[in-house]
Structure formats: structure tokens, C-alpha cells
Student: 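The structure's right below; bear with me while I get my questions together.
Model, not experiment: these values are computed from the prediction. Letters A, B, ... mirror the listed sequences (proteins, then strands); counts begin at 1.
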Amino acid sequence: MVADTPLKRFIADYVSSPLAVIAAIGMALVILAAAFAEFVAPQNPYDLMTVNILDGSLEPGETGFDGFYYWLGSDEQGRDMYSAMIYGLRISLVVSVIAVTSAVFIGLTMGMIAAWKGGWVESLIMRIVDIQLSFPALFVALLLLAILGKGIDKVIIALILIQWAYFARAVRGAALVEIRKDYVMAARCAALSPHRILFRHVMPNCLPPVIVIATVQIANAIAIEAALSFLGVGVPITEPSLGLLIANGFDYLLSGRYWISFYPGVALLITLVLINLVGDHLRDILNPRMNK
Amino acid sequence: MSAPVLSVRGLITEFETREGSVRAVNNVSFDLAPGEVLGLVGESGSGKTITGFSIMGLVEEPGVIRGGEVLLNDENVLALPEPKLRALRGDRIAMIFQDPMMTLNPVLRIDTQMIETILAHRKLSKAEAREMATEALALVGIPSPAERLRAYPHELSGGMRQRVVIAIALMLEPDLIIADEPTTALDVTIQSQILFEMQKLMASRQTAMIWITHDLTVVAGLAQKVAVMYAGKIVEYGLVDDLLDRPAHPYTQGLMQSIPSNTSRGNRLTQIPGMTPSLLKLPKGCAFAPRCAYASEACKVAPEETAIGETRRVRCHHALGGVS
Amino acid sequence: MLAYLIRRFGQAILVMSVMATIVFFGLYMVGNPVDLLINPEDDLLAQEAAIRRLGLDKPVHIQFFHFLGGLVQGDLGTSFVHNTPALELILSRLPATLELAFLGVFFALVIGIPLGMYAGLYPKSPVSRTIMAGSVIGFSTPNFWQGLMLIMLFAVFWRILPAGGRGETVDVLGIPVSFLTWDGLSHLFLPALNVAIYKISLVIRLTRAGTAEIGLQDYVKYARARGLSEWRVINVHILKNILIPVVTVVGLELGNVIAFAVVTETVFAWPGIGKLLIDSIGLLDRPVVVAYLMLTVFMFVMINLVVDIIYSLLDPRIRVKRRA
């Protein structure tokens with residue numbers, strides 16, 4: 001393969017797996033649907049004008065009084081499940097992307113500070129990371145939410161506090177390897193400022209692991225948010241994410257109205273599988289040790 | 001000469017890789033009489049180890065044996081069905097691996113590994129098998145063998161472990177032992193001890209042996225026959241004294257000149273220029289030509305195997321030592 | 001070694017105290033249990049009596065010292081809702097959670113190891129691809145939704161297993177257990193499966209990676225070269241080497257299982273500590289929440305400590321292996 005730039009090589013590597021390409025396209029579609037929910041969803045499930053309580057609990061494929069076709073059924077209040085899912089997906093994605101982006105930022109900064117400063121600063125940061133990572137993410141989230149209370153902002157804060165540690169650990173590892181390389185020594189000898197060396201030279205080389213972990217962590221964030229919302233300590237009822245939709249459907253499941261929690265779950269599952277497939281493949285091509 | 005215990009005829013083993021199939025063993029032939037030792041010499045990647053595994057029919061994916069015969073007591077091993085082949089391995093043909101640290105399973109005790117080998121081939125009780133294992137350990141000079149049997153491999157030194165492996169190889173009195181650089185990973189003093197003892201044991205039992213090595217000096221003291229391998233082919237084959245006194249192939253000569261000796265003291269050692277070629281990108285014609293001082297136009301065509309005298313074969317257009 | 005132990009214990013105590021502080025101050029700043037627990041219809045006198053009884057009239061730092069003092073004596077306060085000591089309440093729910101966790105881990109090992117080994121041994125077979133695809137789905141499916149789907153299939157559509165609750169229990173040494181009665185077992189099965197599915201995927205991945213790696217080791221090739229049956233090579237030589245890392249990781253995961261039991265217990269109305277925690281958070285029953293968190297932190301710190309110590313004890317052998 002002719003590969004002149006790292007980007008071209010990366011793209012060439014990526015398209016070598018048809019499954020990963022399909023997953024990436026699927027992921028793009030999911031993101032687009034969530035971003036343009038107003039245009040994609042046939043109904044605005046939170047506009048009381050369009051929701052008719054008389055259309056409550058319709059089975060998938062039934063038609064409502066005003067002729068609206070509920071192909072995935074409706075919930076107790078008469079909301080179109082398909083529309084509710086797209087809006088719910090948006091909330092799930094927004095929460096996790098904001099959380100992971102912030103966590104990447106904090107983790108990258110802390111990881112590089114640890115690697116560059118060394119000494120007690122490094123010990124302190126890495127000790128916090130170690131302790132935090134020795135507890136399961138869901139446990140830490142429950143602890144934080146028990147303290148912080150409910151709300152979208154609280155969930156995001158909890159997710160950031162959980163996830164920064166993964167990035168800090170990976171970045172420190174990668175940065176330590178980079179800092180020992182000759183070119184950094186050369187840059188130091190050339191009296192470049194530490195700031196410039198770190199951000200212009202070391203950081204770009206730490207990005208591959210960060211990209212891989214970020215992809216996987218977005219999936220994790222979505223899953224944790226869903227679990228928290230299901231447990232009733234996550235997002236409020238006024239802004240239902242996929243997890244909360246599933247939780248709402250739980251009550252109706254036992255009476256056989258499966259679709260209220262089944263379809264949001266399928267949407268959640270598909271989203272997570274797509275992200276994990278992309279993440280797995282990214283790990284394969286960005287990690288030179290895994291190259292066959 | 002007595003009837004050969006082992007006769008390898010035109011053995012070909014290939015590896016399927018992404019870049020195409022690679023011929024790791026290319027048309028290899030040799031004979032071995034009972035009690036005879038063949039030194040199979042070559043650099044790493046020359047195909048000598050794969051030859052050893054091919055003889056046992058133990059080539060793992062993506063390797064495939066493509067052709068040739070391996071006659072053990074006139075029976076073609078390669079044509080045997082898997083169960084019969086398995087019955088042969090460890091019983092008629094035993095193998096000693098290079099690194100004793102990696103050969104024995106770290107989580108199983110020595111007795112487990114010895115007894116399972118015996119029980120795989122002999123209908124004995126466990127107690128009888130244990131008795132046999134103890135004797136085998138004593139034979140290779142392991143002190144208090146009954147005690148050592150209960151040890152885990154990591155509790156023994158490298159030399160001890162290799163003795164255990166040798167004991168396992170000798171235990172069932174095979175017709176043939178394939179030893180893949182069994183002393184390379186050991187300390188020099190232990191190396192010579194083990195070499196000495198192996199020599200003694202082989203001679204007393206009339207077991208044929210293939211000794212795979214990159215070290216011609218070891219071969220000089222141990223083997224009766226030598227086969228020098230380069231890029232999957234045997235480039236020179238003959239009786240040990242004959243071959244070492246008058247190497248005919250430039251590669252053999254190069255190998256010999258790179259051995260330090262008394263006469264070379266104070267002088268620079270000669271080395272063979274260049275690197276072993278990748279089997280994927282073998283030069284056309286003679287594979288050694290790019291590194292050979294004698295290479296000419298003729299070498300663009302691969303040399304056939306030519307006999308020199310009765311026991312000697314060489315693959316070279318410019319065979320040295322007065323013969324041409 | 002002693003210095004290491006002391007340092008490690010010091011760390012554990014430090015983590016515990018930091019957690020205790022965070023948990024206490026965090027929780028006591030949020031919400032007001034007075035509003036929740038005291039009937040507003042009561043007259044003021046009764047309300048104040050209740051506040052005094054619960055110790056809520058004292059300044060926060062006094063409450064904190066009171067809490068710390070209690071912590072040292074194993075007294076974690078009294079549940080506002082149940083009016084019993086919080087620790088006692090949690091310990092009475094703990095057996096249910098442990099039963100669930102252990103059965104889940106058992107499922108994970110018994111199902112995950114054979115599937116993972118198969119996938120590692122025959123990576124190209126369609127069955128292996130199916131197993132691995134299944135493990136990706138098992139990894140990606142949110143735990144609570146899995147639980148719902150299990151209920152949907154087994155309890156709602158097929159009506160063969162109950163949807164929730166614990167069922168009949170039998171006391172063993174004074175501890176109620178479900179797995180000894182048919183009814184209890186039928187209630188236990190779905191939640192345990194729910195706990196297990198994610199772990200099965202994890203075990204499959206670990207085992208497959210281990211099998212693929214160990215399959216390449218010399219000692220496996222050597223086992224084959226000794227003529228051992230494929231069954232023995234796989235089930236003794238490979239399996240024994242895989243069990244060590246897999247069981248270690250799964251042991252470490254036990255803490256994780258207990259944490260995730262919160263979800264499973266909520267889905268299946270399983271009366272363990274996780275369900276208690278979620279109920280207590282909803283009711284602002286702070287002593288119970290604090291006691292749960294402290295107990296779980298304690299368990300995690302202990303599990304990590306024990307694993308670290310075991311590892312440092314195993315260290316010499318691990319070092320030997322690495323060097324080899």
C-alpha cells in the first residue's frame with residue numbers, strides 16, 4: 001500500500017476491515033439522527049400538543065386516532081416510542097460526549113503534568129488514579145450521585161470524575177515513553193519552553209491511545225448513564241435518556257407491554273456495539289504491538 | 001553400512017503467509033544409520049528446526065509438508081494417520097528442545113510430565129511408570145532422582161531441566177532423537193558436561209540422532225555426518241572429517257573461518273558478509289550468491305546437487321578444495 | 001516483607017478514612033431527612049423529640065465525630081427508616097448478595113472457560129466466530145436491560161421462572177440460602193445469569209487470549225512431540241496454565257460483581273444490599289447509605305490488599321518465569 005501521510009495510512013488501515021467500516025457508517029448515522037432529532041423523529045414526544053393520551057400503550061404497528069402510525073408502539077402517555085428513542089438517544093449521547101471530552105481534557109493535562117514533573121506531583125496524581133481505578137466505575141458513580149443528588153449536570157460531573165483517571169494513566173504512560181526519546185532531549189537542548197515541547201511535541205504522540213480509550217469510554221459512559229438513570233439516580237424524568245425510557249417501560253413489561261422497554265434497549269445495544277466495534281478496530285490499528 | 005534407521009527423501013515444507021507461500025525446507029534428503037549422529041548445521045532461519053519438526057510430522061499451521069518421504073525403519077511417517085503418528089512421537093522419535101526453561105510445563109511437576117509420557121505409549125501402572133521415570137533420571141546423572149521427581153520445573157536449574165528433558169527422550173529407548181540446539185541455552189561448563197554424557201549414552205544404546213546446531217565445533221566432536229543448510233536447502237553433505245577438513249561449499253568455508261582457533265589468534269576473524277536472506281525474497285539462482293566471494297554469471301542458475309566421491313554432495317557451481 | 005505489609009495496611013486505612021470523610025460530609029449536606037422522616041402532622045414537640053432521637057439537632061462536626069467514634073466501634077448509626085442499626089441491617093442482607101455474586105462467578109467460569117478455550121484453539125472456525133460475536137454482544141448489552149429481557153422471556157412469555165423476589169430459603173449455620181430449595185433455585189437462576197453474562201464475556205476473552213498465547217509456547221509443542229493425546233494437551237497442559245490468570249482476574253472481579261449486583265437486585269427485586277442501597281438513597285436514609293459505602297469500600301480495600309500480598313508472595317516464581 002502506498003502510504004505517504006500518517007492520515008492516509010490510518011485511513012488505508014481502517015478500511016481494511018469491512019465490519020469496522022460498516023460500524024463507522026452506522027455510528028455516523030446514529031449521531032446524525034440524534035443531532036437532527038427534530039427532523040428525523042415523526043413526533044416531538046415532549047410537545048403536549050402532539051401527544052394524545054388516548055393513543056397510550058399502542059402496540060407496534062398500530063395507528064392512533066388521528067391516523068398517526070406508531071411503528072414501534074407508544075408508551076402510557078401516548079408518546080411515539082420511535083420518536084422518544086431518538087430524543088432519548090440525543091440525551092444519552094450529549095451526556096456522554098460532554099463527559100468524555102472533559103475527562104480527556106483533564107486526564108491529558110494531569111497525565112502530562114505527572115510525566116513531566118515526576119517526583120511527588122507524579123506520585124500524588126498516580127496514587128489518586130490508582131485508588132480510583134481500583135473501584136468499579138458504577139460504584140464510584142453511585143457514591144458521587146448519593147452525594148451530589150440527581151440531575152443531568154450531576155451525572156456529567158460523576159462521569160467526568162470517573163473517567164479522567166483512565167486517560168491520565170494512559171497519557172502518563174505514553175508521555176513517559178516519549179519524553180525519554182532523543183527528539184525531546186534535542187528540543188530541550190534547543191531551549192524550547194516546556195510548554196511548547198509538551199504540547200507541540202509530546203502531546204501529539206500521546207493521542208493514539210487517548211483516541212482508542214475515548215471511543216471505548218463513550219460507550220462506557222452511555223452504559224453507566226443508562227444504568228444510573230435506570231436505578232433512579234440519573235437524569236430527571238423530564239429529560240429521559242434511553243436508560244430512563246427502559247426504566248419507565250419496566251413497569252409495563254410484566255403486563256406484556258414489552259415494546260416500551262424493549263426497543264430503547266435495542267437502540268442502546270446497537271449504539272454500544274457500533275462504538276465498541278469501531279473502538280476495537282482502532283485499537284488494532286493504532287497499537288503497533290497488536291499489528292500482525 | 002547397515003540399513004538406515006531414518007531416510008529422508010526430498011522433504012519439502014512450506015509456510016503459507018500473506019505474501020505467498022514460503023519454502024522453509026526445500027528438497028532435503030539424508031540417511032541415518034543406527035547409532036549414527038548427523039549434525040544439521042545452519043544459521044537461524046535456515047530451516048534446520050523446521051526440518052526436525054517435519055520429520056515428526058509436527059508442523060503447525062500455517063506450515064504444510066508439501067512433499068517427500070520420511071522413512072523410519074522403511075515406513076513412511078508422513079503417510080501415517082494422525083493416531084499412528086502420535087504413537088510414534090515420543091516413543092520411536094523423541095525430541096529435545098533448545099531452551100530447557102521453556103520446554104517443561106511450568107505448572108506441572110516433573111513426575112506428572114514424565115509419567116504422562118510413559119503412559120501415552122506403554123500399558124503400565126502408575127507405580128511402574130514412576131519407577132521407570134526414576135531410573136531414567138538416574139541414568140542422566142540427576143542426584144536423588146526420586147526427590148527431584150516431585151519438583152516443579154522452576155525449582156531446578158537450567159542444566160538440571162535439560163537433563164530431565166534428555167531423560168524423557170531416552171526413557172522409551174527411541175530409534176531416533178532429534179536434538180534442537182540442546183546446549184545453546186546452557187552455561188559453557190554445563191554444555192560440555194551434557195555433550196559428553198549424551199555422546200556416551202548414544203554410543204551405548206545405538207540410538208540415531210539428529211543434532212541441530214549453528215555451531216560447527218560441537219558437530220566436530222559429536223557427529224559422524226554433517227549437513228549444512230542454507231535458505232532451506234542442504235548445500236553440503238558429507239562425513240564429518242572429510243567435510244571439515246576440506247569444505248567444498250563457500251558457505252561452509254565461511255562458517256569454518258568464523259570459528260576462533262589457536263591459529264587465528266591475533267588475526268581478525270573472517271566473517272561472511274551480509275545477512276541471511278529472507279525466505280520471502282530469495283535471490284534467483286543460488287541463494288548464497290549475493291554473499292559469496294566466488295559468485296559469477298553461472299550462479300544466476302540454481303546449482304544442482306553434485307556428488308563428490310561416494311559420500312559427499314554439494315550444491316555449488318564453484319565447489320572448492322580442488323574439486324570443480 | 002513486614003515493612004511492605006505495614007505500608008500497605010497504612011494505605012488501606014488512609015483510603016478508608018478519606019472515603020469516610022467524603023461520604024459523611026457529602027451525604028450530610030444533601031437533603032433534609034427531618035422533612036422526610038417526621039410526620040408534618042405531628043405537633044412540634046413530637047417533631048423535636050424525633051430530631052433529638054436521631055441526633056439531627058447537633059452541629060455537623062459533632063455529628064461527624066460521633067460518626068467517626070461509632071465507625072471505630074463498628075457502629076454506623078441507626079437507620080432512620082427501619083429503626084435498626086445500619087450495619088446490622090446491611091449484614092442481614094449481605095448473604096443474599098453474596099449468594100448471587102458467587103453463583104454468577106461460578107456460571108462465568110464454568111461457561112466462559114470452555115467457550116474461550118475453543119475460540120482460542122480454533123480461531124478460524126465458524127463456531128469460534130459465533131462465540132466471539134456473542135461475547136461482544138454480552139460485553140455491550142447493558143446489564144439492567146439484559147435483566148429485563150430475561151424477565152420478559154422466562155417470566156412473561158414462557159412463564160417458566162419467577163420474575164423477582166428470593167423465594168424459599170433454608171438456614172445453613174443461621175444464614176438463609178436459596179440454592180438448596182427448588183423454589184429458591186428457580187428465583188436465583190435468572191438474577192445469577194444476569195450477573196454472569198457480562199463476566200462470561202470477560203472470561204471468554206481472557207481465556208481465548210490466554211489459549212492462543214499458551215498454544216504457541218514451547219512446552220505445548222513439546223507435549224505434542226512427546227506423543228500426548230490432544231485431549232491431554234488441551235485439558236492439562238493448556239488449561240492449567242490458563243486457570244491461574246483467569247481465576248486471579250475473576251477473583252478481583254468479585255468486588256465488581258458485588259457493585260453491579262445493585263443493578264441486578266433492583267431489576268429482580270432481590271433482597272440484597274444493592275437493593276437496600278437504592279431504596280435508602282431514594283428515602284434519604286443516610287446512615288444506611290453511609291454504612292453500605294463504608295462496608296463496600298472496606299471490602300474492596302481488603303480484596304485489593306489480599307491480592308497484592310498474594311502477588312508479592314508469588315513474585316519469585318513470576319520473576320523466574322519472566323526471565324526465562
Student: Ignoring hydrogens, what is the shortest heavy-atom contact between G227(C) and A120(B)? Give both atom names and the distance.
Tutor: O-CB, 3.9 Å
Student: If I take atom CZ from residue F97(B) and atom NZ from residue K221(C), how far apart are they, to the nearest 0.5 angstrom?
Tutor: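 That separation rounds to 6.5 Å.
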Student: May I ask you to check whether over 12 heavy atoms, not counting those of R163(B), lie within 6.0 Å of atom CZ?
Tutor: yes
Student: Using non-hydrogen atoms and a 4.5 Å limit, figure out which bit of L58(B) sits close to chain C: side chain, backbone, both or neither.
Tutor: both
Student: Do any N or O atoms from the side chain of N105(B) and from the backbone of Y219(C) form a donor-acceptor pair under 3.5 angstrom?
Tutor: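 Pair absent, no side-chain N/O of N105(B) close to backbone of Y219(C).
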Student: Does atom CZ of R122(B) have more than 12 heavy-atom neighbours from other groups under 6.0 Å away?
Tutor: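 Above 12, so yes.
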Student: Return yes when atom CD of E155(B) has more than 12 non-hydrogen atoms of other residues, nucleotides or ligands closer than 6.0 Å, and no otherwise.
Tutor: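 Buried by this count: over 12 neighbours within 6.0 Å.
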Student: Go through V165(B), T112(B), L172(B) and name the one with the most non-hydrogen pairs under 4.5 angstrom from chain C.
Tutor: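 So the answer, after comparing V165(B), T112(B), L172(B), is V165(B).
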Student: To the nearest 0.5 angstrom, please state how far the CD atom of E82(B) sits from the OG atom of S229(C).
Tutor: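 If I round to the nearest 0.5 Å, the distance is 11.0 Å.
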Student: How far apart are the closest heavy atoms of R89(B) and R224(C), and which atoms are they?
Tutor: CD-O, 3.5 Å
Student: Roughly how far, to the nearest 0.5 Å, is the CE atom of M101(B) from the CG atom of D218(C)?
Tutor: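 It is 13.0 Å, given to the nearest 0.5 Å.
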Student: For E230(C), look at atom CD and say whether over 12 heavy atoms of other residues, nucleotides or ligands are found less than 6.0 Å away.
Tutor: yes
Student: Could you tell me the separation between the OH atom of Y222(C) and the OG1 atom of T103(B), rounded to the nearest 0.5 Å?
Tutor: 7.0 Å
Student: I need the single residue from M171(B), M95(B), M114(B), Q113(B) that forms a side-chain contact (heavy atoms from CB on, under 4.5 Å) with R226(C). Which is it?
Tutor: Q113(B)
Student: For the candidates L88(B), I178(B), L108(B), L85(B), which exhibits the highest count of non-hydrogen atom pairs separated by less than 4.5 Å from chain C?
Tutor: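 Counting heavy-atom pairs under 4.5 Å, the top option is L108(B).
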Student: Heavy-atom distance under 4.5 Å to chain C: side chain of D91(B), backbone, both or neither?
Tutor: neither
Student: Can you establish whether the number of heavy atoms outside F15(B) located under 6.0 Å from its atom CZ is more than 12?
Tutor: yes
Student: State the OG1-CZ distance between T117(B) and R232(C), to the nearest 0.5 angstrom.
Tutor: 8.5 Å
